[in-house]
Protein chains: 2
Amino acid sequence: MDDIDRMLIGLLQEDATQSYAALGQAVGLSSGAAHERVRKLRERGVIRRTTIEVDQAALGRAVTAYVLVDGGSWMGDSAEGLAGIPEVEEAHVIAGPASVLLKVRTAGPRELQDVLRRVFQVDGVTGTQTVIVLETFFERTLK
Amino acid sequence: MDDIDRMLIGLLQEDATQSYAALGQAVGLSSGAAHERVRKLRERGVIRRTTIEVDQAALGRAVTAYVLVDGGSWMGDSAEGLAGIPEVEEAHVIAGPASVLLKVRTAGPRELQDVLRRVFQVDGVTGTQTVIVLETFFERTLK
DNA sequence: CTTGAAAAGACTAAAAT
DNA sequence: ATTTTAGTCTTTTCAAG
């Protein structure tokens with residue numbers, strides 16, 4: 001993992017459709033060498049997968065919210081329950097004012113209410129606190 | 001934007017390296033038709049870009065935290081200031097216990113402290129409250 | 001909008017340095 | 001680990017249904 005690997009990762013984050021020839025030229029290597037480095041980055045799991053970034057609003061997901069979840073018991077097994085709610089994009093165990101933090105996307109406030117009901121039914125959940133996003137300044141990939 | 005478009009988006013989210021022939025077969029179209037639909041989804045901005053998903057920990061970003069930012073004044077101009085901090089991955093204006101919510105990734109707790117200092121120096125910021133992530137259950141792409 | 005085919009270009013693997 | 005080369009597959013374009 002050297003500077004060239006980091007450059008390749010940065011270039012692929014910006015545009016993963018570019019050719020290995022272009023990548024190689026940008027970092028000063030042949031296309032074969034660039035390809036080999038990217039292959040190894042994938043193999044080692046540094047690059048998890050190639051994917052597309054989607055405009056969620058265009059897909060009918062207009063509301064973003066963060067949900068702080070309080071849980072009396074351990075909640076170690078709540079991961080599957082939360083993963084079973086399709087609108088939950090992220091779930092983190094946190095240190096602070098609650099046990100778990102969720103990122104949720106729904107079509108509207110009404111659907112958010114439905115999600116909160118389902119979160120409440122997950123084992124160990126004793127309460128929720130919801131933070132609604134009014135405007136997103138940015139959601140970006142780190143350099 | 002019909003069911004086939006939604007299927008194509010789902011397939012590309014899982015693996016954007018697959019061929020248009022494979023995509024077409026999966027949705028019951030020729031490779032040319034699949035290609036044309038994806039081209040239009042890009043053109044309309046539904047697909048923002050093709051990118052890679054990176055293991056942040058493998059890149060030395062071991063700590064994830066959410067930072068609630070309090071701001072006395074409007075903070076409408078704070079977006080650029082926050083965008084100037086490279087460790088800030090997301091910034092949202094929220095309705096709730098604070099003005100802005102940040103997602104931050106750093107190498108360690110020490111670097112997180114540095115970021116908090118820089119957040120504090122952004123125009124309009126009067127206070128912060130930090131939630132540290134202990135474990136991430138999942139961070140996924142919505143279907 | 002979809003199909004099918006043709007040309008250009010990219011990927012993959014292998015041999016040599 | 002990188003370069004180069006050759007073969008194969010894919011992307012991209014375009015004419016026609």
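Values in this document were obtained by computation on a predicted structure and should not be read as measured data. Sequence lines set the chain letters: A, B, ... in the order given, protein chains first and strands last, and positions in each chain run from 1. Atom set for the values below is all heavy atoms of this structure, side chains included, hydrogens, waters and symmetry mates excluded.
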Between [atom2] on [N] and [atom1] on [X], what's the gap in Å once rounded to a whole number?
X	N	atom1	atom2	answer
A:Asp2	D:dA1	CG	C1'	11 Å
A:Met1	D:dA1	CE	P	14 Å
B:Lys40	D:dT13	NZ	P	14 Å
B:Glu36	D:dT11	CD	C1'	13 Å
B:Leu23	D:dT10	CG	P	12 Å
A:Arg37	D:dA1	CZ	P	9 Å

**Asked** B:Arg42 and B:Thr50: side-chain donor and acceptor closer than 3.5 Å?
**Response**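 Present: a donor and an acceptor within the cut-off.
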**Request:** Decide, yes or no, whether a salt bridge links B:Arg49 with A:Asp55 under the criterion of side-chain N to carboxylate O below 4.0 Å.
**Result:**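 No, no charged N to carboxylate O under 4.0 Å.
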**Prompt:** So, are B:Glu139 and A:Arg48 salt-bridged, with charged N and O less than 4.0 Å apart?
**Reply:**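 No.
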**From OG1 (B:Thr51) to CG (A:Leu12), nearest 0.5 Å** =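 The CG atom of A:Leu12 is 8.0 Å from OG1 of B:Thr51, to the nearest 0.5 Å.
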**Item:** The single option from B:Arg118, B:Arg105, B:Arg61 passing side-chain hydrogen bond (donor to acceptor under 3.5 Å, both in side chains) against B:Glu87
**Value:**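 Of the listed residues B:Arg118, B:Arg105, B:Arg61, the side-chain hydrogen bond (donor to acceptor under 3.5 Å, both in side chains) partner of B:Glu87 is B:Arg118.
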**Request:** For B:Arg39, answer base if it contacts any base atom (sugar-phosphate contacts may also be present), sugar-phosphate if it contacts only those atoms, and nothing otherwise; contact means non-hydrogen atoms under 4.0 Å.
**Result:**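 Counting heavy atoms under 4.0 Å across all strands, no contact is made by B:Arg39.
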**Request:** Measure from the side-chain heavy atoms of B:Tyr20 and tell me the nearest of D:dA1, D:dT3, D:dT12.
**Result:**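 Of the candidates, D:dT12 comes closest.
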**Closest to side chain of B:Ser19, choosing from D:dT11, D:dA1, D:dT2** =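 Of all the options, the side chain of B:Ser19 is nearest to D:dT11.
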**Message:** Using a 6.0 Å distance limit plus a 45 degree cone around the ring axis, check whether B:Arg117 lies over the aromatic ring of B:Phe120.
**Reply:**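 Ring-cation test returns no.
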**Request:** Extract, from 5' to 3' on DNA chain C, the first and final nucleotides lying under 4.0 angstrom from some heavy atom of chain B.
**Result:**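 Answer, 5' to 3': C:dC1 to C:dT3.
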**Asked** Can a side chain N or O of B:His35 be found less than 4.0 Å away from OP1 or OP2 on D:dT12?
**Response**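 Yes.
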